[in-house]
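First up is the structure itself, then whatever we jot down about it.
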Amino acid sequence: PTSTGSFNHIDSFARLSGSSTSTGSFGSLEVAGNISASSNSTASLGHLITRDTPWADIRAFGANTNVTGSGWTNTIAIQNAIDYVSGSGGGTVYFPRGTYELSRPITSSLDNMTFYADSAVLECNHPYSGIVVSGSLSGDNPDAFTVEGNLHVTRPRAKHPVGTADGSKGIELINVDSSKLRGISVSYFNYGLWLEGKGASTSYNVFEPIEMKDNLFQCKFAVSKSDDGSRGWVNQNTFIGGRWSYSSYYRAANNPPHSASEGAFIDMSLNPDHSSDDGYQNNGNNFMRLSMECSSTIADDKVAPAAICHGTRNVFQDCRAEHTRGFDFNHISASYNTVHLGRFVNSAPGAGPGAPDDIITYYTGSDPWDLGNNFIGVRKGDTGADTQERWGIWQNVGIGTFDPQEELHVSASKATIKIEGDGVASSWRSRLMLERNDPERAGGIWINDASATENAWWMGTPYNGGSA
């Protein structure tokens, strides 16, 4: 090499360092170990590869940063870097700082693949997906796909205005399990994050934190059947923190092709080909301390729903929904979901038709499933026109008894608190009701069994027709 720096090789560790005045270059270096490069060196390394822990710098494969018209070159170069690491059984693809134009998606289908980005931007100048990670139906789903650092996946807004419904997806995960995506942001796609179980699962993935901005649908859960009729599921994924937003670009004055109200922050609505298997949809996903907000410049009737939740046992823990259409549980399969605490600011005009200011919309159709949804600490809308009574605010909340059959439950209406269990033993079928504001009873406690036909006692002021 022509560098004035030094090179030392000790066992399986190689270190390349250069002085602060070094301007030399290296064409290729391959070692059986790890590589570290001095951060104050101006020397360049053309092809950095380690055999023990494969590491591929996309520039070594021909990627160019901040070069207009380099979309095809960059797409091929980045894909070659991914394929190289894949051929080595896994490793890290390094995205250095800068903007990389892409003309097609980049794809991966291997375990133990890491994208490490140093404030890199992938500018997708096309109507497809930015990053696609996909598995198969055989159970060999990609595990441990990881994104670390700071990676922004976006599209040029001048060519792809906000509200465009062209099927594009920022990051697309199909049949992917146990992956971790941290420090990513996605903007200006039809779907920011697409999670699909197609004949198999997309499960146990963690997103911490991620930023979603101005995608028509910020996050889409898609459950579909494979060609052989096997059904898929999207379960047990966890979102921790992050800001998701619709900016003023969605205001009417900008004439977006589709308004934010035609999208959603979280869309778990069912696919048409899977509508008969509602019980296997979108279950057990967790959203914690997620901020969802629409710009105040967007008209009330054009803001997005916070969540369209068609599934069971999904949890929204201490989330923030500002100027949204609230939470839509208006589906036959929406059961045992929980909204716990959170901040709901100007959450109008509601999640469903006929309920202009409701933060929560329940299922109102016939033959519903057990609608044991829990709403704990969820106040009514700011406008005072929230029509949805909080009769279910504590419904089906397990208290934790010693009953081996069933939990003890609490439900509430405006005037009654009811505590009961559903076990086999009669003692657990008994009910305890605390009533108030009743013109005949004037408050008291009513104790009876589940059938309400025997062993009934009333404690309180005289009650006409009851046992004293």
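Between Arg325 and Asp301, none of the side-chain N atoms (NZ, or NE/NH1/NH2) sits under 4.0 Å from a carboxylate O, so this pair counts as no salt bridge. The existence of a salt bridge linking Arg243 and Glu293 is confirmed by a sub-4.0 Å separation between a basic side-chain nitrogen and an acidic carboxylate oxygen.
Legend: residues meeting side-chain contact (heavy atoms from CB on, under 4.5 Å) with Arg157, ordered by chain and number and at least two apart, are Val162, Tyr188, Tyr249. In terms of the side-chain contact (heavy atoms from CB on, under 4.5 Å) criterion, Ser296 has no residue partners (sequence neighbours excluded). Residues satisfying the side-chain contact (heavy atoms from CB on, under 4.5 Å) criterion with Ser203, sequence neighbours excluded, are Asp177, Ser201, Trp233, Asn235. In this structure Arg182 satisfies the side chain to side chain donor-acceptor pair (under 3.5 Å) test together with Glu148, sequence neighbours excluded. Gln79 pairs by the side-chain contact (heavy atoms from CB on, under 4.5 Å) definition with Ile82, Asp83, Ile106, Thr107, not counting sequence neighbours. For the ring-ring contact (aromatic ring centres under 6.0 Å, His included) test, no residue two or more places apart in sequence or in another chain qualifies with Tyr116. A search for ring-ring contact (aromatic ring centres under 6.0 Å, His included) contacts involving Tyr246 returns Tyr250, Phe265, not counting sequence neighbours. Among residues two or more places apart in sequence or in another chain, the ring-ring contact (aromatic ring centres under 6.0 Å, His included) test is passed with Phe95 by Phe115. By the ring-ring contact (aromatic ring centres under 6.0 Å, His included) test, His160 pairs with no residue at all, sequence neighbours left out.
For residues 284-306, every residue pair satisfying the ring-ring contact (aromatic ring centres under 6.0 Å, His included) rule, not counting sequence neighbours, is listed here: Phe239-Phe287, Phe287-Phe316. Counting only residues at least two apart or in different chains, salt bridge (Lys or Arg N to Asp or Glu O under 4.0 Å) contacts with residues 118-132 comprise Arg97-Asp118. Applying the salt bridge (Lys or Arg N to Asp or Glu O under 4.0 Å) test to pairs two or more places apart or on separate chains, none has a residue in residues 308-317.
Rounded to the nearest 0.5 Å, atoms NE2 (His152) and CD1 (Ile184) are 10.5 Å apart. Once rounded to the nearest 0.5 Å, the distance linking CZ of Phe145 with CG of Leu173 reads 7.0 Å. Between the CG atom of Asp318 and the NE2 atom of His340 there is a distance of 8.0 Å, given to the nearest 0.5 Å.
The 12-atom threshold is exceeded at CZ of Arg320, counting heavy atoms of other residues, nucleotides or ligands nearer than 6.0 Å.
Donor-acceptor pairing under 3.5 Å is recorded for the side chains of Lys220 and Ser269.
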Evaluation steps, side chain to side chain donor-acceptor pair (under 3.5 Å), between Thr312 and Asn283: CA-CA 5 Å; Thr312 66; Asn283 301 330; 2.9 Å; yes
